[in-house]
Amino acid sequence: MNPTYDPAAVEADWYDIWEKSGVFAPEHNPDGEPFCIVLPPPNVTGVLHMGHALNHVIHDVIIRRKRMQGYRVLWLPGMDHAGIATQTVVERELAHEGLTRHDVGRERFIEQVWAWKTRSGGTITEQMRKLGESVDWSRERFTMDEGLSRAVREVFVSLYEKGLIYRGNRIINWCPQHLTALSDIEVEYEDEAGELVFINYPFTDGSGHLTVATTRAETMLGDTGVAVHPGDGRYSDAIGKTVTLPLMNREIPVVADEIVDPEFGTGAVKVTPAHDPNDFEIGRRHGLEAINILTESAEVNENGGRFSGLDRMTARLAVQDALAEGGHLDHIEERTHSVGHCSRCNTVVEPYLSLQWFVKVAPLVTPAIEAVRSGRTRFVPERWENSYYHWMENLRDWCISRQIWWGHRIPAWQCGDCDEVIVTREDPAACPSCSGSNLQQDEDVLDTWFSSALWPFSTLGWPDETPDLAAFYPNAVLVTGFDIIFFWVARMLKMGLEFMDDVPFRDVVIHGLVRAPDGRKMSKSLGNAIDPLDVIDSHGADPLRLAVVQAAAPGQDVPFDMEWVEGARKFGNKLWNAARFVLGHIEAGSVPAQGGYPDDPGPEAAWILSRLADVLRRFDQLADEYRFSDAYGLLYNFAWSEVFDWYLELSKAALDDQETARQTQQTLGVVLRDLLKLFHPAIPYLTEELWNELVGDGLLAGAEWPTPSQAAAPKSMDAFQELVGGIRRFRASHQLSPRQGLQMLVTDPDSIAESWWPRQLESLVAVATESGQPTAGRSTRVVAGSLQGFLPLDGVVDLDAERARLERALGAAEEDFELADRKLSNPSFRDRAPAEVVAKDEQKRKEAEATIAKLRAQLDELGPA
RNA sequence: GGGCGCUUAGCUCAGCGGGAGAGCGCUUCCUUGACGUGGAAGAGGUCACAGGUUCAAUCCCUGUAGCGCCCA
């Protein structure tokens, strides 16, 4: 073995071996209880970023542990076709040749997207392999593959038949860049500086004017009314009158509507039904015409009179100027307001009236809320449930049609002869109403999230009743960031309950965002993004994985710093060298894959075995609660400060002794082996490599999870460590070389010390012990309970330094005494505190008293400075 | 405006009713035969602030301030 850990060498070969062995498939544990997670499908355009790394590593930690625990584990990978994103990528390629998608035509364009998918879509799967993800590639799915497309069609038709999908003219969010509708959550709002423009609309009868306020002046071209609140006394006379729309000279009515906020602007608002959702509602209630004044690319159309042809932003200024010229501009106020942007291209979205397909969400929402309230699906951390309820209770219908080409085409046809709309599972040949064959399929495709919403069951074969579907639905866990609870989690719950009659998953584990070390969001545009593949190249996949797991407290954002990775790599080196040490004392391949704890462990071995059993139990508790950061923190500290720093050191003396050598070898082997098992879900490569050396039997990835041994801890270990600590502090404060041997006389009235102590004291701190008290010369004491060790001072140390050391210790002891004494002198404390708490403080006071007495005596023996 | 978090050692964060913890950083010592990617010892916190509950509050309650996120 190399003297140092080389991640690149360790990580070279194992993935292929794992994959070929079939250990990643559920068939590995055919009789186990099913446990399934479907991977949130990355976009087919995607490359692995830190967010994926965090998400995927949490998945793999859960999955690998469950597999080792004997579950029939399926982790199903796949990709999302990512409609707009993918289409944009291919359109950009076309643009290099000076072409648009319209030049090549729909059919050929889609062929090109598929070709692109074949060529580049596998990038992320290669990267997932590098990270070591134990997914079952034989079950990989794609949202556009044949089976999933069938599921999408079945769901669409079924919802349509139930009246839960409808087509209608509504105000939707329109992206003038992508030329498509967006759903509400694909719009991101930002506060921007803007102007509130106050415009005077003269009453047609000449009796003065009304003033309305707007941030989008150009929309006045499409005004068909003015609205005021019915209870607003300022305008009671105006209701029912008409005003003449400036610039357009259109006579429009003043109506009263509850929705108007009297506090906003002047309390009178212009009504543009085609360009504002509230105005659309007002218009509907009062029979106002909806005049669309914009083209799809947000230029003023022929309905905008002389402004037609201007871009909306240019038109805004032109309209303001024209109003000012005509004397209709009252005034302008500076104002910040919230502006919606396309979440993909950041273009300002336009509220736009158009004919779209919608999912009626109200009937789906109730069971989805109930499923979480009743605990059938649980959020971890729980607090996300509130956000979920709040969002679900305020949902508007979901606009699912997109005016793009890449995606599941809407299975609706319109008859050119009789206008019948046909929605069917099989493509229709003729109109069922008039038997005509002049059928035209809807041009639109579905929102990408429509197919994602079916992911937990469509990937398992639904609508067919496959064995996988029977075994793995509901999924056990969903792991995702809070940013897509609404996009995805909520919709999977709705669809799962509707079509599978059960929740899609039991637990929803929500993790945070990966942030840059300075706490800002990691992004390419800020230039502070860390590429996980660079980290893998420079430090290895295992160190990256361990760093991410340790840094990710549940539900908290993860401030990512390369120092974490450095630390994780150092840990890998430490583990590597611990294994080298162990393999220097036992035969390679000699450790059993499970069990094999020594029957008669010596005291040191019994101690580490009992600690291992404690840690294993606690680790499992934490992991079951998805607290992987705490679980691996616990394990890391146990491995380093107890196994490596203490047990490996203790084992050296025990190995030299023929009587204890065998048990010690056995213990070293099984303790290291169990560490490898516990660490395997986090650092699979390194542990597999070391397992191969140590056990050499089968794959660790398919091995059994450890069960705790029954060893009982010797009580004397705490006292022993205290004694060693005392000796080390004594050496440190007097700068004595660790090599310099010391003689120590020991008094032990309560027989705390055990027979194994002397050889370990010799081995660890070069102290030779003998029982008795010093008779001549000055000495100092190190204490472990009632046991005292006397170390010689004369000729060894600087007495002033010793005095200072003792005084420091005395001060600390006196503080301890004070604290306990103060509590115990309080009668209420004695009355009301539980007996064991009082007893504990009494014990503390007694010990502090004894310590003080010893230290004072010692100071006296030293004499004055 | 509504909601949800956060405020603990220089930094990043755990802990959450009975004497403040980890990693990194810092100081001192150590070429110990697994490892200097190491070992040993140490310094460093009125647990944001103000009230309250309690024998006891970093932890529970109320309020204040600052920061972050989500929704409107």
Side-chain angles (χ1 to χ4, degrees), chain A residues 1-7 184-185 188-189 263 338 381 383-391 393-394 482-483 485-486 512-513 515 517-521 539 543 547 550-564 566-585 627 629-630 633-634 636-637 640-641 644-645 648-649 651-652 668 672 724-739 763-766 808 812 815-816 818-820 822-834 836-838 840-841 844-845 848:
Chain A
M1 282 176 82
N2 256 329
T4 53
Y5 161 53
D6 176 4
D184 293 342
I185 46 178
E188 285 168 5
Y189 291 89
E263 304 290 316
S338 185
R383 69 185 138 90
W384 288 106
E385 289 177 9
N386 287 328
S387 307
Y388 170 79
Y389 295 139
H390 182 258
W391 189 72
E393 283 158 5
N394 292 287
F482 58 80
D483 49 331
I485 292 178
F486 305 144
L513 250 46
R515 295 188 170 277
D518 60 7
R520 290 188 305 172
K521 214 168 165 172
H539 290 73
Q550 287 188 297
Q556 295 289 108
D557 283 353
V558 181
F560 187 85
D561 197 305
M562 282 306 290
E563 281 180 7
W564 282 93
E566 292 282 358
R569 195 183 47 161
K570 287 180 184 174
F571 177 79
N573 189 59
K574 188 73 180 173
L575 185 61
W576 179 267
N577 276 291
R580 281 181 67 216
F581 172 76
V582 172
L583 285 161
H585 292 95
R627 294 173 56 183
S629 162
D630 293 331
L634 171 79
Y636 177 98
N637 284 319
W640 205 310
S641 44
F644 304 154
D645 287 346
L648 259 46
E649 294 307 318
S651 76
K652 288 174 182 172
L668 284 170
L672 178 62
V724 170
I727 295 167
R728 282 172 173 164
R729 273 189 295 279
F730 172 74
R731 277 190 192 281
S733 57
H734 296 298
Q735 309 207 338
L736 296 179
S737 154
R739 286 304 214 178
S763 164
L764 293 182
V765 283
R808 231 181 305 132
E815 265 179 46
D816 289 350
E818 292 275 323
L819 208 78
R822 204 179 317 140
K823 280 165 100 174
L824 291 164
S825 321
N826 180 348
S828 317
F829 174 71
R830 288 183 165 284
D831 286 352
R832 308 212 184 188
E836 65 265 25
V837 174
V838 177
K840 210 169 126 194
D841 274 298
K844 279 180 199 161
R845 184 168 66 176

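All values below were derived from every heavy atom in this structure, side-chain atoms included, with hydrogens, water molecules and symmetry-related copies excluded. So you know, we letter chains A, B, ... as the sequences are listed, proteins then strands, and number each from 1.
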Using modelled atom types and a 3.5 Å cut-off, is there a donor and acceptor pairing between side-chain atoms of R580(A) and backbone atoms of P3(A)? yes
Can you name the residues that form a salt bridge (Lys or Arg N to Asp or Glu O under 4.0 Å) with K570(A), not counting sequence neighbours? none
Only counting residues at least two apart or in another chain, list the ones meeting ring pair (Phe, Tyr, Trp, His ring centres under 6.0 Å) with Y636(A). F571(A), W640(A)
Do the side chain of W576(A) and the main chain of M1(A) share a donor and acceptor less than 3.5 angstrom apart? no
Check the distance between U32(B)'s C1' and R739(A)'s CZ and give it to me in whole angstrom. 4 Å
How does protein contact run along nucleotides 11-17 of chain B, one letter per nucleotide 5' to 3', with B for base contact, S for sugar-phosphate only, - for none, heavy atoms under 4.0 Å? -SSSS--
For K823(A) and A56(B), is the shortest distance between a side-chain N/O and OP1 or OP2 below 4.0 Å? no
Secondary structure of RNA chain B per the Watson-Crick/G-U criterion (both distances under 3.5 Å; [ ] crossing, | other strand, . unpaired) is (((((((..((((....[..)))).(((((.......))))).....(((((..]....)))))))))))).
What is the nucleic acid contact for P827(A), judged by heavy atoms within less than 4.0 Å: base, sugar-phosphate only, or nothing? nothing
Say we look at U46(B) and G33(B): how far apart would their C1' atoms be, to the nearest angstrom? 50 Å
Residues which pass salt bridge (Lys or Arg N to Asp or Glu O under 4.0 Å) with D816(A), listed by chain and number, not counting sequence neighbours: none
From CZ of F482(A) over to P of C6(B), roughly how many Å is that when rounded to an integer? 14 Å
Mind checking if N826(A) touches a base, just sugar-phosphate, or nothing, with heavy atoms under 4.0 Å? sugar-phosphate
What's K844(A) touching, base or sugar-phosphate or nothing? Going by heavy atoms closer than 4.0 Å. base
Suppose you measure atom C1' in A14(B) against the same atom in C71(B); what distance do you get, rounded to whole Å? 30 Å
Using the C1' atom in both, what is the distance from A48(B) to C67(B), to the nearest Å? 11 Å
Side chain to side chain contact (heavy atoms under 4.5 Å, CB included) involving L819(A) - partner list, sequence neighbours excluded: R822(A)
Taking only residues two or more places apart in sequence, or in another chain, which ones meet D630(A) in a salt bridge (Lys or Arg N to Asp or Glu O under 4.0 Å)? R627(A)
With heavy atoms under 4.0 Å as the rule, sort F571(A) into base, sugar-phosphate or nothing. nothing
Integer angstrom distance from the P of G23(B) to that of C60(B): 26 Å
Do any side-chain nitrogens or oxygens of K652(A) fall under 4.0 Å of OP1 or OP2 in G33(B)? no
Partners meeting side-chain hydrogen bond (donor to acceptor under 3.5 Å, both in side chains) with R569(A) (sequence neighbours left out): E566(A)
Using the salt bridge (Lys or Arg N to Asp or Glu O under 4.0 Å) criterion, which residues pair with E815(A)? Sequence neighbours excluded. none
Check whether any side-chain nitrogen or oxygen of R729(A) sits under 4.0 Å from OP1 or OP2 of G42(B), and answer yes or no. yes
Between C30(B) and C47(B), how far apart are the two P atoms, rounded to whole Å? 38 Å
Excluding sequence neighbours, so at least two apart, what forms ring pair (Phe, Tyr, Trp, His ring centres under 6.0 Å) with F730(A)? H734(A)
By ring pair (Phe, Tyr, Trp, His ring centres under 6.0 Å), which residues pair with H390(A), not counting sequence neighbours? none
Quick test: give all pairs of protein nitrogen or oxygen and nucleotides 24-26 of chain B nitrogen or oxygen below 3.5 Å, distance rounded to 0.1 Å.
residue: C24(B); atom: O2'; partner: E563(A); partner atom: OE1; Å: 2.9

4.5 Å side-chain heavy-atom contact, K823(A) and N826(A): no
Taking the C1' atom of each, how far is G52(B) from C59(B), in whole Å? 15 Å
Base, sugar-phosphate, or nothing for E566(A), non-hydrogen atoms under 4.0 angstrom? nothing
Would you kindly give the CZ-to-C1' distance between R580(A) and U37(B), to the nearest whole Å? 13 Å
Please measure how far the P atom in U53(B) lies from the corresponding atom in C61(B), and state the result in whole Å. 15 Å
At under 4.0 Å between heavy atoms, what does D831(A) touch on the DNA or RNA strands: base, sugar-phosphate, or nothing? nothing
